[in-house]
Peer 1: 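Below is a structure I'd like to ask you about.
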Amino acid sequence: MTAYIDKIGQFEGQEVTLRGWLHKRRSSGKIHFLTVRDGTGFIQVVMSKAAVGEETFHRADHLGQETSLIVEGTVRADPRAPGGYEIDVDTLNVVGESRDYPITPKEHGVDYLLDRRHLWIRSPRQQAILRIRHVVVDAVRDFLNSRSFTLADTPIFTPAACEGTTTLFPVQYFDNETAYLAQSGQLYNEANIMALGRVYCFGPTFRAEKSKTRRHLTEFWMVEPEMAFATLNDAIELGEALVVAIIARVLETRRQELETLERDTTSLERVQAPFPRITYDEAVETLKAKGQPFKWGSDFGGTDETVLAEQFDQPFAVHRFPSALKAFYMKPDPDRPELSLSVDILAPEGYGEIIGGGERLDDLDELLARIKKHGLSQKTFEWYLDLRRYGTVPHSGFGMGIERVLTWICGLEHLREAIPYPRTLNRLYP
RNA sequence: UCCUCAGUAGCUCAAUUGGCAGAGCAUUCGGCUGUUAACCGAAGGGUUGUAGGUUCGAGUCCUACCUGAGGAGCCA
């Protein structure tokens, strides 16, 4: 009977076949302790010379870390085992040898590990992160699907900048025209809601910023919901509910992984809607009161975000940023046109911005003026302008960075651990 | 692009004021029937990132370059 470690308790007292990899080996003269992992968990396999005989026992003398193997043995409950069970082995077969595995139980540097990311993901900590990532993605999709959102994927090759400010990756392939890798599905989402009402796109996003910080990747995953007939407030409420749903699902199903990561979950337990909300103006006042040198009209730096986050013990929303700070499609506040109907949701504990969005400009003439003012080509945006010509409606949405959310949930030091194969300024391998 | 820091054994690091280049882990060999970062004993393992310079003598000081990290700007 083939068994998997996460469900091994069902087989107590029974003979099972376990297929996996040798994680670690400890040995005495007449007993081997093999920690085996099979992709679902870790378990200690005990091999005594008396039970298996001289030949099998000596075959296990030199098993290297990460040797793939098939063991047959009896499941036994043991209070000494971290998972509650051990396996007393009868037979052991090596599937693939492994000599001089480069990632040892000792600590390694970041660059060394990233060069071996294809192996690093085998370690317990990285497995835990990737499992939680899966649950986050799953929770996002379930949440949006259950609220009548339709997944409508947006293109990766795009003809121009969605947001003029950031840098794009050019691709030379299409005749007479440079294509760029998408940095947002935003504009296409706006077309899609006019067909489907509520939509989201969920895929990789590319930013050619020369960012060298623990908060940036050049390729990252973003979910972007967009709603027709929706205000800034609707977008904030959706964002809150989404974050709450993700945290609840992770706490519900991935306790063990959070423990592996030694994540103190008390701050996650506190997360509930509604989040504290402050205006940009209030945020500036707070920063000044806390002695930060900050001028109205500039964007928050990393330190500013941390100082603001210290005021709250859960995620919080900052809304109504100056229009000059935000993309051309952001709708101005009717009461104060110098402000935009925009929102950022920031994670607590200094993890920074996880959501950015707002209400979109739905008036044709105003949008035309913005495009001119930003020096963008009207021709490129004709299709986007059509959305204002044929039955425009107020609409809102946001983007949420999956790795940023995961970094916060897992309490990671670096964003690059939150994605299987991180792409940063200087990294394209493996 | 700018600022700061780092680069020594396969890995993580040490090396006092410029004076014999070392430890732990990993590997190999030996020992051990309850280990779980196992332990005990032994062995092998080095062009100190690269190229110059100062000096009787450079891992250490100087110059340039390479690579990486953290941060700024920008953003999710």
Peer 1: May I ask which nucleotide in the shown strands pairs with B:rC65, Watson-Crick or G-U wobble, both distances under 3.5 Å?
Peer 2: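 Result: B:rG49.
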Peer 1: Look at A:Arg26 and B:rU35 and indicate whether a side-chain polar atom (N or O) is within less than 4.0 Å of OP1 or OP2.
Peer 2: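 No, outside the criterion.
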Peer 1: Looking across every strand, which nucleic acid part, if any, lies under 4.0 Å from A:Gly64 by heavy atom: base, sugar-phosphate, or nothing?
Peer 2: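 The answer is nothing, as A:Gly64 stays clear of every strand by at least 4.0 Å.
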Peer 1: With a 3.5 Å limit on both atom pairs, tell me what B:rC39 is paired to, counting Watson-Crick and G-U wobble, or say none.
Peer 2: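 Paired with B:rC39, as far as the under-3.5 Å criterion goes, is B:rG31.
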Peer 1: Considering only atom P, compute the distance from B:rC61 to B:rG18 and round it to an integer number of Å.
Peer 2: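 Comparing P positions in B:rC61 and B:rG18 gives a spacing of 8 Å.
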Peer 1: Across the strands shown, which category fits A:Leu217 at heavy-atom distances under 4.0 angstrom: base, sugar-phosphate, nothing?
Peer 2: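 It contacts base atoms.
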Peer 1: Is there a Watson-Crick or G-U wobble partner for B:rG70 with both distances under 3.5 Å, and if so, which one is it?
Peer 2: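 When the pairing criteria are applied, B:rC3 turns out to be the nucleotide that pairs with B:rG70.
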Peer 1: Looking at A:Phe316 versus A:Phe275, is the centre-to-centre ring distance below 6.0 Å?
Peer 2: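 Not under 6.0 Å, so no.
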Peer 1: By nearest heavy atom, map A:Gln65 and A:Ile345 onto RNA chain B; which one lands nearer the 5' end?
Peer 2: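 The residue whose closest nucleotide sits nearer the 5' end is A:Gln65.
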Peer 1: With a 3.5 angstrom cut-off on both distances, give the Watson-Crick or G-U wobble partner of B:rA26, or none if there isn't one.
Peer 2: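 In the structure as shown, B:rA26 has no Watson-Crick or wobble partner.
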Peer 1: Mind checking if A:Ala81 touches a base, just sugar-phosphate, or nothing, with heavy atoms under 4.0 Å?
Peer 2: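 No contact.
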Peer 1: Remember a base hit wins even if backbone is also touched, and classify A:Asp344 as base, sugar-phosphate or nothing at under 4.0 Å, heavy atoms.
Peer 2: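 Result for A:Asp344 = nothing.
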Peer 1: Does A:Gly352 reach a base, just sugar-phosphate, or nothing at all? Heavy atoms under 4.0 Å.
Peer 2: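 Contact class for A:Gly352: none.
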Peer 1: Does the B:rC11 base have a donor-acceptor partner in the side chain of A:His108 within less than 3.5 Å?
Peer 2: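 Not at all, since no donor on one side and acceptor on the other fall under 3.5 Å apart.
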Peer 1: Could you give the distance separating B:rU8 and B:rG68 at their P atoms, to the nearest angstrom?
Peer 2: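 Approximately 15 Å lies between the P atom of B:rG68 and that of B:rU8.
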Peer 1: Distance check, C1' atoms only: B:rU50 and B:rU35, in whole angstrom units.
Peer 2: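 One C1' to the other, the span is 46 Å.
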Peer 1: Need the pair for B:rG57. Rule: Watson-Crick or G-U wobble, both distances under 3.5 Å, any strand; none if unpaired.
Peer 2: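 In the structure as shown, B:rG57 has no Watson-Crick or wobble partner.
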Peer 1: Quick one: the side chain of A:Glu413 and the base of B:rG70, do they pair up donor-acceptor inside 3.5 Å?
Peer 2: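 By the distance-only test, no, there is no pair.
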Peer 1: Would you kindly compare A:Asp304 and A:Tyr101 by the position of their nearest RNA chain B nucleotide and give the one closer to the 5′ end?
Peer 2: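 Nearer the 5' end of the strand: A:Tyr101.
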Peer 1: With a non-hydrogen cut-off below 4.0 angstrom, is A:Thr205 in contact with a base, only sugar-phosphate, or nothing?
Peer 2: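 Nothing: the residue A:Thr205, judged by heavy atoms under 4.0 Å, touches no strand.
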Peer 1: Using the C1' atoms only, state how far B:rG45 lies from B:rC25, rounded to an integer number of Å.
Peer 2: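 Each nucleotide's C1' atom is 14 Å from the other's.
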Peer 1: Could a donor-acceptor pair under 3.5 angstrom be found where the side chain of A:Arg404 meets the base of B:rC75?
Peer 2: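 Such a pair is found, so the answer is yes.
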Peer 1: Expressed in angstrom and rounded to an integer, what is the separation of A:Ile43 atom CD1 from B:rU36 atom C1'?
Peer 2: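 To the nearest whole Å, that distance equals 13 Å.
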Peer 1: Output the single nucleotide from B:rG70, B:rC75, B:rC32 whose closest atom is nearest the side chain of A:His414.
Peer 2: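 Closest of the options to the side chain of A:His414: B:rG70.
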Peer 1: What interatomic distance, in whole Å, is found between P of B:rU47 and the corresponding atom of B:rG10?
Peer 2: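 Rounded to whole Å, the distance is 8 Å.
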Peer 1: Would you indicate, yes or no, if B:rU28 has its OP1 or OP2 atom less than 4.0 angstrom from a side-chain nitrogen or oxygen of A:Arg99?
Peer 2: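 Indeed, a polar side-chain atom of A:Arg99 lies that close.
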Peer 1: Just to be sure I understand the rule, does A:Arg416 reach a base, reach only the sugar-phosphate, or reach nothing, if contact means heavy atoms closer than 4.0 Å?
Peer 2: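 It contacts sugar-phosphate atoms only.
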Peer 1: Indicate yes or no: does A:Arg263 engage A:Glu349 in a salt bridge with an N to O separation below 4.0 Å.
Peer 2: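 A:Glu349 and A:Arg263: salt-bridged.
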Peer 1: Base, sugar-phosphate, or nothing for A:Glu353, non-hydrogen atoms under 4.0 angstrom?
Peer 2: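 If one applies the 4.0 Å heavy-atom cut-off, A:Glu353 turns out to touch the sugar-phosphate alone, with no base involved.
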Peer 1: Considering every strand and a 4.0 Å limit on heavy-atom distances, what is the contact class for A:His62: base, sugar-phosphate, or nothing?
Peer 2: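 Sugar-phosphate: the residue A:His62, judged by heavy atoms under 4.0 Å, touches backbone atoms but no base.
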Peer 1: Do the two ring centres, one from A:Tyr4 and one from A:Phe11, sit under 6.0 Å apart?
Peer 2: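 Judged by ring-centre distance (under 6.0 Å), A:Tyr4 and A:Phe11 do not meet the cut-off.
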Peer 1: Please give the distance between the C1' atoms of B:rG59 and B:rU27 as a whole number of Å.
Peer 2: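 After rounding to an integer number of Å, I get 26 Å for this pair.
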Peer 1: Using a 4.0 Å heavy-atom cut-off across all strands, classify A:Met400 as base, sugar-phosphate, or nothing.
Peer 2: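 The residue A:Met400 makes no contact with any strand.
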Peer 1: Minimum heavy-atom separation for A:His32 and A:Asp61, please, with both atom names.
Peer 2: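 For A:His32 versus A:Asp61, the nearest heavy atoms are NE2-OD1, 3.0 Å.
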Peer 1: Among the candidates B:rG71, B:rA38, B:rU35, find the nucleotide nearest to the side-chain atoms of A:Arg214.
Peer 2: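 Taking heavy atoms from C-beta onward, the closest nucleotide is B:rG71.
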Peer 1: Looking at A:His319, A:Glu359, A:Arg277, which hits side-chain hydrogen bond (donor to acceptor under 3.5 Å, both in side chains) with A:Asn233?
Peer 2: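 So the option named by the test is A:Arg277.
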Peer 1: Please pick, from B:rU36, B:rG34, B:rU33, the nucleotide with the shortest atom-to-atom distance to any side-chain atom of A:Lys30.
Peer 2: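 That would be B:rU33.
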Peer 1: Does the ring centre of A:Tyr384 sit less than 6.0 Å away from the ring centre of A:Tyr188?
Peer 2: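 Centroid distance A:Tyr188-A:Tyr384: not below 6.0 Å, so no.
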Peer 1: Nearest to the A:Ala50 side chain among B:rU33, B:rC74, B:rG34, which nucleotide is it?
Peer 2: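 For the A:Ala50 side chain, the nearest candidate turns out to be B:rU33.
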Peer 1: For the base of B:rA76 and the side-chain ring of A:Phe220, does the geometry meet a stacking cutoff of under 5.5 Å between centres and under 30° between planes?
Peer 2: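 Base of B:rA76: stacked against A:Phe220.
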Peer 1: Which part of the nucleic acid, if any, lies within contact of A:Arg125, taking any heavy atom under 4.0 Å across all strands shown: a base, the sugar-phosphate backbone alone, or nothing?
Peer 2: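 If one applies the 4.0 Å heavy-atom cut-off, A:Arg125 turns out to touch nothing in the nucleic acid.
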Peer 1: With rounding to whole Å, what would you report as the distance between B:rG30 and B:rC13 at their C1' atoms?
Peer 2: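 It works out to 28 Å between them.
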Peer 1: Hey, does the side chain of A:Arg427 come within less than 4.0 Å of B:rA69's phosphate (OP1/OP2), counting only N and O?
Peer 2: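 Looking at the OP1 and OP2 atoms of B:rA69, neither is under 4.0 Å from any side-chain N or O of A:Arg427.
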Peer 1: If you check the A:Leu415 side chain, which of B:rA76, B:rU35, B:rG10 turns out closest?
Peer 2: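 Nucleotide nearest to A:Leu415's side chain: B:rA76.
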Peer 1: With a non-hydrogen cut-off below 4.0 angstrom, is A:Lys24 in contact with a base, only sugar-phosphate, or nothing?
Peer 2: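 Sugar-phosphate, backbone atoms only, no base.
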Peer 1: Verify the contact: side-chain N or O of A:His32 to OP1 or OP2 of B:rG34, cut-off strictly under 4.0 Å; return yes or no.
Peer 2: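 Indeed not, no polar side-chain atom of A:His32 lies that close.
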Peer 1: Choosing from B:rG71, B:rC25, B:rU35, which nucleotide comes nearest the side chain of A:Thr213?
Peer 2: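 Closest nucleotide to the A:Thr213 side chain: B:rG71.
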Peer 1: For B:rA72, does either OP1 or OP2 sit under 4.0 Å from a side-chain N or O belonging to A:Arg215?
Peer 2: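 Affirmative; the distance criterion is met.
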Peer 1: With a 4.0 Å cut-off, would you call A:Arg116 and A:Glu66 a salt bridge?
Peer 2: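 So A:Arg116 does not pair with A:Glu66 through a salt bridge.
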Peer 1: Is the distance between the ring centroids of A:Tyr329 and A:Phe381 under 6.0 Å?
Peer 2: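 A:Tyr329 vs A:Phe381: aromatic centres not under 6.0 Å.
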Peer 1: Once you round it to whole Å, what is the distance between P of B:rC29 and NE2 of A:His58?
Peer 2: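 For the pair A:His58 NE2 and B:rC29 P, the rounded distance is 12 Å.
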Peer 1: Do the charged groups of A:Glu226 and A:Arg360 touch, with an N to O distance under 4.0 Å?
Peer 2: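 Looking at A:Arg360 together with A:Glu226, the answer is yes, because their closest N to O distance falls below 4.0 Å.
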Peer 1: Taking B:rU60 as the reference, what is the distance to B:rA6 when you measure between their C1' atoms (whole Å, please)?
Peer 2: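 Here B:rA6 and B:rU60 have their C1' atoms 15 Å from each other.
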